[in-house]
There are 2 protein chains.
Amino acid sequence: MRPKNLVKEEAIRSIALQIISEEGLENLSMQKLAKAANISPRTIYIKYENKEDLLIKLFIEEVLGNYEKAILENFDPKMAFADGMKRLWLNTFHYLKNNKPAFSLIRYGKSSPLLNKAFQEKNIQQGAFFAPIHTFLKTNVQTGLIADLPHDVLSALLFSPIQDLVAEYLDHLNRPLQIITEEVILTSCEIVIKGILK
Amino acid sequence: MRPKNLVKEEAIRSIALQIISEEGLENLSMQKLAKAANISPRTIYIKYENKEDLLIKLFIEEVLGNYEKAILENFDPKMAFADGMKRLWLNTFHYLKNNKPAFSLIRYGKSSPLLNKAFQEKNIQQGAFFAPIHTFLKTNVQTGLIADLPHDVLSALLFSPIQDLVAEYLDHLNRPLQIITEEVILTSCEIVIKGILK
DNA sequence: AAAGTAAGTAAACGTTTGTTTACTTTTAAA
DNA sequence: TTTAAAAGTAAACAAACGTTTACTTACTTT
């Protein structure tokens with residue numbers, strides 16, 4: 001029997017992300033995607049049940065899966081707090097700034113009810129994304145190093161700014177000066193650390 | 001001559017926001033909107049050029065306009081830094097948690113290329129949104145009270161977390177315990193302030 | 001080398017899309 | 001009370017939508 005063409009499978013995913021990034025999720029259609037990937041619309045339906053299935057798998061498996069892997073690289077929950085934070089911030093910065101299409105879908109994950117629901121269900125049913133970060137924060141709360149707040153609150157305080165900083169970096173590439181450098185990221189990270197320490 | 005029915009105009013806007021919030025921007029259609037508002041599709045086109053025009057005006061005028069007004073209530077750039085910050089955080093918390101449909105479109109403003117572009121153009125052409133906050137931060141940098149970083153960086157450090165906290169509040173209303181209280185908001189705000197002070 | 005089968009294509013399905021046409025209603029001004 | 005004109009409606013337009021049907025291709029297995 002004829003095997004699946006993995007090149008085409010990868011093309012579907014990467015071109016879908018590209019369209020979402022350039023034209024928006026609301027302008028992605030199956031026919032447009034097929035044409036851009038130089039395949040028949042039917043081929044998409046061999047690999048995905050329907051449009052919603054494609055979007056959810058793209059978001060959960062491809063985008064969030066790779067994002068998690070990239071962020072946790074060389075990170076260990078047992079690291080010293082400041083070191084761990086800087087590792088996570090730098091990993092986030094480098095991964096997102098080099099993967100704009102993936103970042104686009106990540107941001108839609110917070111706006112789109114479909115993707116948001118998929119994320120929450122996955123997070124409940126099969127173990128949370130970013131579990132090592134969970135452990136990391138919990139440990140540092142228990143040792144009394146950082147403020148004792150619920151995980152979701154800590155997460156917002158410690159990681160929201162880095163996502164917005166990368167967004168600024170990517171949205172303003174047309175600016176004359178690139179103000180968001182690795183040095184600025186590290187300075188910002190230190191400011192966040194200073195705030196959360198008891 | 002027959003005057004415009006302002007009730008219908010308001011219905012179009014509020015029902016559009018409701019659909020976006022419940023089903024997503026990608027599932028808003030002119031015909032669905034007309035049916036939900038109990039009007040003819042043609043009526044929308046009396047008030048808006050086309051779908052993009054509707055979305056942009058909804059975003060820039062209705063949503064961001066009201067958002068700005070609500071956030072800046074009882075705020076003055078000359079306030080003491082910590083007082084100003086707490087005022088802005090509480091205003092944001094109260095406005096967004098009571099205006100979920102508006103918050104939905106605000107979040108799409110960061111994902112959707114159409115809305116993102118509209119925001120940036122408006123911000124450049126006719127004076128920035130949240131100008132008093134600009135002044136507030138600039139002043140406190142000049143007096144040497146807070147870290148000397150570009151406005152966009154300061155803005156990410158000081159205001160990203162509050163938006164994510166409200167998002168958590170709104171997304172998890174089905175949870176048994178509501179962990180995001182006004183007290184948690186104020187504690188979080190203090191942590192952010194502590195970090196940015198020199 | 002032949003057979004069997006999933007992968008893949010081209011073209012089309014009915015539906016829904018954004019928008020417009022042709023017409024009716026409403027209301028302020030004459 | 002008539003009238004001008006914009007507001008509003010119902011119905012329709014072509015185009016694009018998500019998805020499927022009918023068929024061909026390519027590759028593994030025997």
Side-chain angles (χ1 to χ4, degrees), chain A residues 1-62 105 108 112-115 117-118, chain B residues 1-62 105 108 112-115 117-118:
Chain A
M1 106 186 159
R2 186 175 175 182
K4 283 196 190 186
N5 187 333
L6 294 177
V7 175
K8 279 179 187 169
E9 180 137 22
E10 178 48 34
I12 291 173
R13 296 193 175 216
S14 71
I15 290 173
L17 284 181
Q18 198 182 310
I19 293 174
I20 291 168
S21 172
E22 287 168 8
E23 304 178 40
L25 182 57
E26 60 277 24
N27 291 309
L28 173 72
S29 81
M30 299 300 259
Q31 306 197 108
K32 190 187 276 182
L33 171 57
K35 191 167 269 182
N38 250 309
I39 54 168
S40 161
R42 183 71 182 79
T43 304
I44 305 174
Y45 288 86
I46 293 170
K47 297 153 204 288
Y48 305 97
E49 248 183 67
N50 49 40
K51 193 183 178 184
E52 292 203 348
D53 183 48
L54 164 65
L55 286 175
I56 290 175
K57 288 197 172 128
L58 198 59
F59 178 52
I60 299 287
E61 293 170 16
E62 175 101 355
L105 190 56
Y108 270 109
S112 158
L114 173 74
L115 298 181
K117 191 178 150 235
Chain B
M1 100 181 163
R2 186 176 173 179
K4 283 195 189 186
N5 187 335
L6 293 177
V7 174
K8 279 180 186 167
E9 180 137 22
E10 179 49 33
I12 291 173
R13 296 193 174 215
S14 72
I15 289 172
L17 284 179
Q18 197 182 310
I19 293 174
I20 291 169
S21 172
E22 286 168 9
E23 305 178 39
L25 182 58
E26 61 276 25
N27 291 308
L28 173 73
S29 81
M30 298 300 261
Q31 306 198 108
K32 189 188 276 183
L33 172 56
K35 192 167 270 183
N38 250 307
I39 54 168
S40 163
R42 183 69 182 80
T43 305
I44 305 174
Y45 288 86
I46 294 169
K47 297 153 204 289
Y48 305 97
E49 247 182 68
N50 50 39
K51 193 183 178 184
E52 292 203 348
D53 183 48
L54 164 65
L55 286 175
I56 290 174
K57 288 196 172 131
L58 197 60
F59 178 52
I60 300 285
E61 293 169 14
E62 176 101 353
L105 189 56
Y108 271 109
S112 159
L114 173 74
L115 298 181
K117 191 178 151 234

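Sequence lines set the chain letters: A, B, ... in the order given, protein chains first and strands last, and positions in each chain run from 1.
Positionally, the nearest nucleotide of DNA chain C for A:Gln31 lies more toward the 5' end than for the other of A:Gln31 and B:Gln31. In terms of position on DNA chain D, the residue among A:Ser40 and B:Leu6 whose nearest nucleotide sits closer to the 5' end is B:Leu6. Both B:Lys8 and A:Asn50 lie near DNA chain D, and the one whose nearest nucleotide falls closer to the 5' end is B:Lys8.
In this entry the distance linking CG of B:Leu33 with C1' of C:dG18 reads 12 Å, nearest Å. Look at CG on B:Asn5: it is 17 Å from P on C:dT25, rounded to the nearest Å.
Residue A:Lys32 is out of contact with every strand shown, counting any heavy-atom pair closer than 4.0 Å.
Checking D:dT21 for Watson-Crick or G-U wobble geometry (two distances, each under 3.5 Å) identifies C:dA10 as its partner.
Atom-to-atom distance recorded for A:Glu9:CD and A:Arg13:CZ is 6.0 Å, nearest 0.5 angstrom. Here B:Ser112 contributes atom OG and A:Glu23 contributes atom CD; the two are 11.5 Å apart, rounded to the nearest 0.5 Å. With rounding to the nearest 0.5 Å, the separation of CG in A:Asp53 from CD1 in A:Ile44 is 12.0 Å. Considering CG of B:Leu54 and CG of B:Leu33, their distance stands at 6.5 Å, rounded to 0.5 Å. Annotation: the span from B:Asn5 atom CG to B:Ile39 atom CD1 amounts to 9.5 Å, rounded to 0.5 Å.
By the neighbour-count criterion of 12 heavy atoms within 6.0 Å, atom CD of A:Glu10 is densely surrounded, having more than that number from other residues, nucleotides or ligands. Counting non-hydrogen atoms of neighbouring residues, nucleotides and ligands closer than 6.0 angstrom, the NZ atom of B:Lys4 exceeds 12 such neighbours.
Residues A:Ile12 and A:Tyr48 form a side-chain contact, since some pair of their non-hydrogen atoms from C-beta on lies under 4.5 Å apart. Residues A:Leu105 and A:Glu62 form no side-chain contact, since every pair of their non-hydrogen atoms from C-beta on lies 4.5 Å or further apart.
Scanning residues 22-29 of chain B for heavy-atom distances under 4.0 Å to DNA chain C yields B:Leu28, B:Ser29. Within a heavy-atom distance below 4.0 Å of DNA chain C, the residues of residues 41-49 of chain B found are B:Pro41, B:Arg42, B:Tyr45.
Extent of DNA chain D lying under 4.0 Å from chain A heavy atoms, first and last nucleotide in 5' to 3' order, is D:dC17 to D:dT28.
Within the 3.5 Å criterion, the main-chain N or O of B:Asn27 finds a donor-acceptor partner in the side chain of B:Lys32.
Taking the charged nitrogens against the carboxylate oxygens, A:Glu26 and B:Lys51 have no contact shorter than 4.0 Å, which rules out a salt bridge.
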